[in-house]
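Letters go in sequence order (proteins before strands), and every chain restarts at 1.
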Amino acid sequence: LYLDQLSISSKDLSEMVRLTIAKGCSFRFKAKGNSMHPFIRHNDIITIGPMKDFSDSLGAVVAIVGSNFERTDHLIVHRIVSICCKDEFLIKGDNHNHSDGIFHGSDILGEVINIKRNGQPANFGIGKERYAIAFLSKSNVLLPVVKIFKKVISPFIKGKKSEAVTNYYN
Amino acid sequence: MKSKLSTIYRKSDGIVAREISGELIIIPISSGVGDMGNELYALDETAKEIWARIDGKNTLGEIIDILEELYNAPAGVIQEDVMGLVEEILKRGFVTEAVDL
């Protein structure tokens, strides 16, 4: 049986993630939606692992269970854009203008530790650059900055592009 | 390896199981990763009943007795189902032997 043969709800998926992380393991699945565009795209394969360090979690892309539109118990994979206090985190989709709200550490199932796009690593957005992305996303200027960045850098990307840049723009 | 009726099995730590759309879906954890892109395993109603009773306490013989009573099935039929399923899930590492009395 393969995933495509299953009608799996977001609630079931979040429970699978929770159960796997509780064993200290990681969980890999196909991302749906564009709320984290351009860093995570529809149909990217993402791996959620246990949260390593909450004190250094600014910019981390985390899995939480929250409400999305009318649906509750919905698995959301968005970015920590601000650490409010010791155990409270402001979470927001990179492609959203509004935040999801403040979540406690206990609400966070795990963090994205790997992204694959078309079979290739596409981890730009979860490395050290995540601090800047978090700041820009919180300020709601991330997408304009990405557009400008793309315009500026495009003329310099000719011939064989680096893997990271290729995946970033695909 | 043939299982004996006195064998007790428990569910392996190397799986994640969840009931989805009436089927029990088992995802093996391989190299520390549960992967929805890999093959998943679905247990039907009968297999679910067997699976539920593999708990580190019941022997296979006890599981067969319980299910024979539950389904009012002729002796042998349930045993064949139970032993068949156990061999299969044992081979895939979904259960491990707990105690052999």
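A distance of 7.0 Å separates CD1 in B:Ile20 from OG in A:Ser9, rounded to the nearest 0.5 Å. Taking SG of A:Cys25 as the reference point, atom CG of B:Asp13 lies at 9.0 Å (rounded to 0.5 Å). Taking CD1 from A:Ile46 and CE from B:Met36, the interatomic distance works out to 12.0 Å, rounded to the nearest 0.5 Å. Going from atom CG of B:Asp35 over to atom OG1 of A:Thr47 covers 7.5 Å, rounded to the nearest 0.5 Å.
Counting Ile, Leu, Val, Met, Phe, Trp and Tyr side chains that sit under 4.5 Å apart, directly or through other members, A:Val152 shares a hydrophobic cluster with A:Ile148.
Linking Ile, Leu, Val, Met, Phe, Trp and Tyr residues whenever their side-chain heavy atoms come within less than 4.5 Å places A:Leu136 and A:Val146 in a single cluster. Residues B:Leu90 and B:Leu67 share a hydrophobic cluster, clusters being chains of Ile/Leu/Val/Met/Phe/Trp/Tyr side chains in contact below 4.5 Å. A continuous path of hydrophobic side-chain contacts links A:Ile126 to A:Phe29 [ILVMFWY only; heavy atoms under 4.5 Å]. Both A:Val112 and A:Met36 are members of a single hydrophobic cluster when ILVMFWY side chains are connected at heavy-atom separations under 4.5 Å.
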What do the steps show when you test B:Ile27 against A:Phe27 for side chain to side chain contact (heavy atoms under 4.5 Å, CB included), and what is the final call?
CA-CA 10 Å; B:Ile27 300 177; A:Phe27 196 84; 3.9 Å; yes

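Contacts from residues 13-23 of chain A to chain B, taken as heavy-atom pairs separated by less than 4.5 Å, involve A:Leu13, A:Glu15, A:Met16, A:Leu19, A:Thr20, A:Lys23 in sequence order.
At most 12 heavy atoms of other shown residues, nucleotides or ligands fall within 6.0 angstrom of atom CZ in A:Phe135.
Annotation: ring-ring contact (aromatic ring centres under 6.0 Å, His included) contacts involving residues 69-94 of chain B, sequence neighbours excluded, comprise B:Tyr41-B:Phe94.
Residues that satisfy the salt bridge (charged side-chain N to carboxylate O under 4.0 Å, His left out) test with A:Asp56, not counting sequence neighbours, are A:Arg130.
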